[in-house]
K.L.:
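Structure provided below as structure tokens; questions to follow.
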Amino acid sequence: QHYYITNNLRIMALNDTIKIPLELFIGSTATFGAIILICIIVVTVYIRKFAHEAHPGTAPRFVSGLCCALVLITALLLPVDVFMTSYQKFPNGTWRDWAADNTTRAEINNAILYTYYTCYSLLTFCLFVLIPFAYFFFEEGDSEDDVPAADRLCSAFKYSFCFVFLVVALLLVGAFVQFGDIPNFNGTIIDDLDSLGDQIKRKGVESALSFTMAVLTSLGLFVYVIYSAYGLSAFPFNFVKTRGSAARELNKLRVDEITRDEKERQLASKYADGRPVIPSDRRLLQKLARDKERYSELQRLVESEHDSCWNKILICCRPFSIVLGILLTLLSLAFMASVSVTLVDKYVYSNYTLGYVLTTVHYKYSPINYLLTYAQLVFPLDYIIVLLIVFYIASCTVNGIRRIGIWFFWIKMFEVVPKRTMPQGLLLLSALFSYAMVALNQLMLVAMPTYSTYGSQHYMVPDNGTMVTKPCDNHAPAGECQLTQLASIITRFTIHANLYGALVTYLLSAFVAAYVIGFVVAAVRRKRSILEKAAGNRDAEDDPLLNL
């Protein structure tokens, strides 16, 4: 059968006419188009904020911005998926007229599924090919020798080939390695999984893409444990804690300057008769000269901070800043509480053999899940909430990377400093950010399991001669409820590769533990003063490791 779309959004088959309502098309595509525009604007602002002013090259900024925008768009596919899946049923649990046919539902679901696979394929290319190539290309360009562009290209291709080989290996493993079928032992859990039918069966070539998604997600969860957990705990305290008066910092600098000048005068008078300067005093004079230059730069930076319009605005908005910090702290706690509730549910009602897959949500006290399940009934309220959660987690992840820095084991490679981040540091920042956002869909599935899996779908069952409406879960009769495509992809792979499900569960448990530790550290740690911030920015710029 060949299909085409008419101006009234009517899909026509050979002997069949399937009507797709206009509100479904507008509600999904127009809103998602607006989100794409917002993602591009936000990413552009962030890239301009961190890019080094002395390195105006556009290629690293473009590659970093492209990867960050693409991964944000992928993370925000979830509410589109939920909307298009839930909208196929009425609130009373019956199918809408245009969705009563399985063919129509399959067409819509496949469109969402292929959108996911397209986005993840592009992300795989960006993370394993584009970013490594750009990193090695500019790494050669920063050497002391004037390396020709052709040699830099050859070197970048040579090093990037290893990552291309890795991608091919991942796809081959996912396509041809059989991870196993659903475990065979007695129990209602297996019956519930069997009721999902084709929604969790392996589907040929899609297994390769699912395996690659699982690898990217696992790497992203490590980023959550190392960076995002501390960012989620520390970021709200930025708005609550005070930094101190800029005038007080200037006074401290002036006192230090007077003390330093006094030491210089004492040394000058000591050797006024022309006798030779002893080595210890010579070293002290050199140190004082370096300090004088350093303090002059710090004084300029603090004065600029003190006189800035932004500083005056922050002083005026101090009460609102405290309220915002408290609200963000509550949001972080609610999100982590939602993750913790689902993890406890997994440990109690599932097991390692099943990859800790839940067939139903037993603990109904997840605040984020409860909020979004009912917000989805009022379009586009859930869109707005998910958008805020995604951007908040993204901001906390970047904040965590800024605070901790980019490390290679015990070697600190780059500092992430506004206006002073080197091109290679910017590329690595975008790579870490992208890995974290790839894993966000898995995190959403844990933090809001009902919303992410079934949305607001209901089904009808007979009860004492009457039909009763119940929220969809895995206990529903076959064909009555649909998984969202995200839940279908993840559940399908997890149930056949229980090691992945167990790894995700353990990493998320480490993520919660890291958040608790980070919260305690952030609560007792003093906020850096303006002087310490200026000194840190200057030291980061002069750090020789930035030129690696």
Side-chain angles (χ1 to χ4, degrees), residues 24 27-29 31-32 35 73-91 93 95-96 99 102 104-120 192-193 195-201 203 206 209-210 213-214 217 338 342 357-361 366 368-377 379-383 385-387 389-390 438-459 471-476 478-495 501 504:
L24 177 63
S28 57
T29 58
T31 308
F32 189 62
I35 286 180
I73 292 169
T74 304
L76 289 168
L77 273 174
L78 176 61
V80 179
D81 188 5
V82 171
F83 171 73
M84 296 190 72
T85 302
S86 299
Y87 195 76
Q88 297 175 33
K89 302 195 79 173
F90 287 109
W95 294 103
R96 296 181 185 270
N102 289 332
T104 307
R105 299 201 297 269
E107 290 285 337
I108 296 174
N109 294 338
N110 286 337
I112 304 171
L113 179 66
Y114 297 149
T115 302
Y116 272 116
Y117 283 139
T118 300
C119 289
Y120 278 106
D192 294 336
L193 291 174
S195 71
L196 296 176
D198 293 337
Q199 298 184 75
I200 61 170
K201 289 182 179 178
K203 297 184 178 181
E206 296 178 8
L209 294 174
S210 298
M213 289 170 56
T217 299
S338 300
T342 304
V357 172
L358 284 175
T359 60
T360 188
V361 178
S366 174
I368 301 295
N369 184 62
Y370 182 86
L371 174 65
L372 282 172
T373 301
Y374 288 96
Q376 198 265 334
L377 299 174
F379 182 83
L381 184 58
D382 65 316
Y383 249 86
I385 296 175
V386 172
L387 184 69
I389 292 175
V390 168
V438 166
L440 184 59
N441 279 334
Q442 176 71 67
L443 186 61
M444 291 287 197
L445 198 62
V446 174
M448 46 196 83
T450 304
Y451 171 81
S452 301
T453 305
Y454 290 108
S456 61
Q457 293 180 83
H458 290 76
Y459 68 97
C472 276
D473 55 23
N474 294 341
H475 299 294
E480 284 296 324
C481 294
Q482 291 188 112
L483 293 174
T484 61
Q485 293 308 301
L486 175 65
S488 178
I489 294 169
I490 294 177
T491 305
R492 182 189 310 139
F493 183 80
T494 303
I495 200 62
V504 167

K.L.:
Strictly distance-based, threshold 3.5 Å: is any side-chain N or O of Ser86 a donor or acceptor partner for the main-chain N or O of Ser456?
P.N.:
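Yes, the answer is positive, given that a donor and an acceptor are paired below the 3.5 Å cut-off.
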K.L.:
Using every non-hydrogen atom in the two residues, find where Gln88 and Met84 come nearest and quote the distance to one decimal.
P.N.:
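Result for this residue pair: NE2-O, 2.9 Å.
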K.L.:
Please name all residues satisfying disulfide (SG to SG under 2.5 Å) with Cys119, sequence neighbours left out, ordered by chain then number.
P.N.:
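Cys119 satisfies disulfide (SG to SG under 2.5 Å) with no residue once adjacent residues are dropped.
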K.L.:
So do Ile368 and Tyr451 actually touch side chain to side chain, heavy atoms under 4.5 Å?
P.N.:
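Of all side-chain heavy-atom pairs linking Ile368 with Tyr451, none is under 4.5 Å.
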K.L.:
Can you name the nearest heavy-atom pair linking Ser338 to Ala447, along with the distance?
P.N.:
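The answer is CB-O, 3.3 Å.
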K.L.:
How far apart are the closest heavy atoms of Val390 and Ala75, and which atoms are they?
P.N.:
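Closest approach of Val390 to Ala75: CG1-CB, 4.4 Å.
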K.L.:
Kindly give the heavy-atom pair with the smallest separation between Gln482 and Thr85, and that separation in Å.
P.N.:
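Scanning both residues, the minimum pair turns out to be O-CG2, 3.8 Å.
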K.L.:
Measuring from atom CG of Leu445 to atom CG of Leu440, what distance do you get when rounded to the nearest 0.5 angstrom?
P.N.:
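Here the rounded value is 11.0 Å.
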K.L.:
What distance do Ile385 atom CD1 and Leu371 atom CG have between them, rounded to the nearest 0.5 Å?
P.N.:
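If I round to the nearest 0.5 Å, the distance is 4.0 Å.
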K.L.:
Looking just at side-chain N and O atoms, do Thr450 and Asn369 make a donor-acceptor pair shorter than 3.5 Å?
P.N.:
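Side chains of Thr450 and Asn369: pair found under 3.5 Å.
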K.L.:
Hey, which of Asp81, Asn441, Thr74 is the one that makes side-chain hydrogen bond (donor to acceptor under 3.5 Å, both in side chains) with Tyr116?
P.N.:
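For Tyr116, the side-chain hydrogen bond (donor to acceptor under 3.5 Å, both in side chains) test succeeds with only one of Asp81, Asn441, Thr74, which is Asp81.
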K.L.:
Please answer whether the main-chain N or O of His458 pairs with a side-chain N or O of Lys89 as donor and acceptor at a distance below 3.5 Å.
P.N.:
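Checking the backbone N and O of His458 against the side chain of Lys89, a donor-acceptor pair under 3.5 Å is found.
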K.L.:
Do you know the tightest heavy-atom contact between Ser452 and Met444?
P.N.:
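Result for this residue pair: OG-O, 3.2 Å.
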K.L.:
Taking Thr453 for its side chain and Ala487 for its backbone only, find out whether a donor-acceptor pair lies under 3.5 Å.
P.N.:
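No; zero donor-acceptor contacts below 3.5 Å.
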K.L.:
Could you tell me if the side chain of Met213 sits less than 4.5 Å from the side chain of Tyr117, heavy atoms only?
P.N.:
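The answer is yes, as the side chains (C-beta and beyond) meet within the 4.5 Å cut-off.
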K.L.:
Which atom pair, heavy atoms only, marks the closest approach of Tyr459 to Cys481?
P.N.:
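Closest pair (atom of Tyr459, atom of Cys481, distance): CD2-SG, 3.7 Å.
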K.L.:
I'd like to know if the side chain of Gln457 and the backbone of Tyr454 have a donor-acceptor N/O pair within less than 3.5 Å.
P.N.:
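A pair under 3.5 Å: yes.
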K.L.:
To the nearest 0.5 Å, what is the distance between OH on Tyr120 and OG1 on Thr217?
P.N.:
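Rounded to the nearest 0.5 Å, the OH-OG1 separation comes to 5.5 Å.
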K.L.:
side-chain contact (heavy atoms from CB on, under 4.5 Å) between Leu113 and Asn109: does it pass, once the steps are laid out?
P.N.:
CA-CA 6 Å; Leu113 179 66; Asn109 294 338; over 6 Å; no
K.L.:
Starting from the C-alpha separation in whole Å, work towards a yes-or-no answer on side-chain contact (heavy atoms from CB on, under 4.5 Å) for Met448 and Tyr370.
P.N.:
CA-CA 8 Å; Met448 46 196 83; Tyr370 182 86; over 6 Å; no
K.L.:
Check whether any side-chain heavy atom of Leu77 sits under 4.5 Å from a side-chain heavy atom of Leu486, and report yes or no.
P.N.:
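Heavy-atom side-chain distance check fails, nothing below 4.5 Å.
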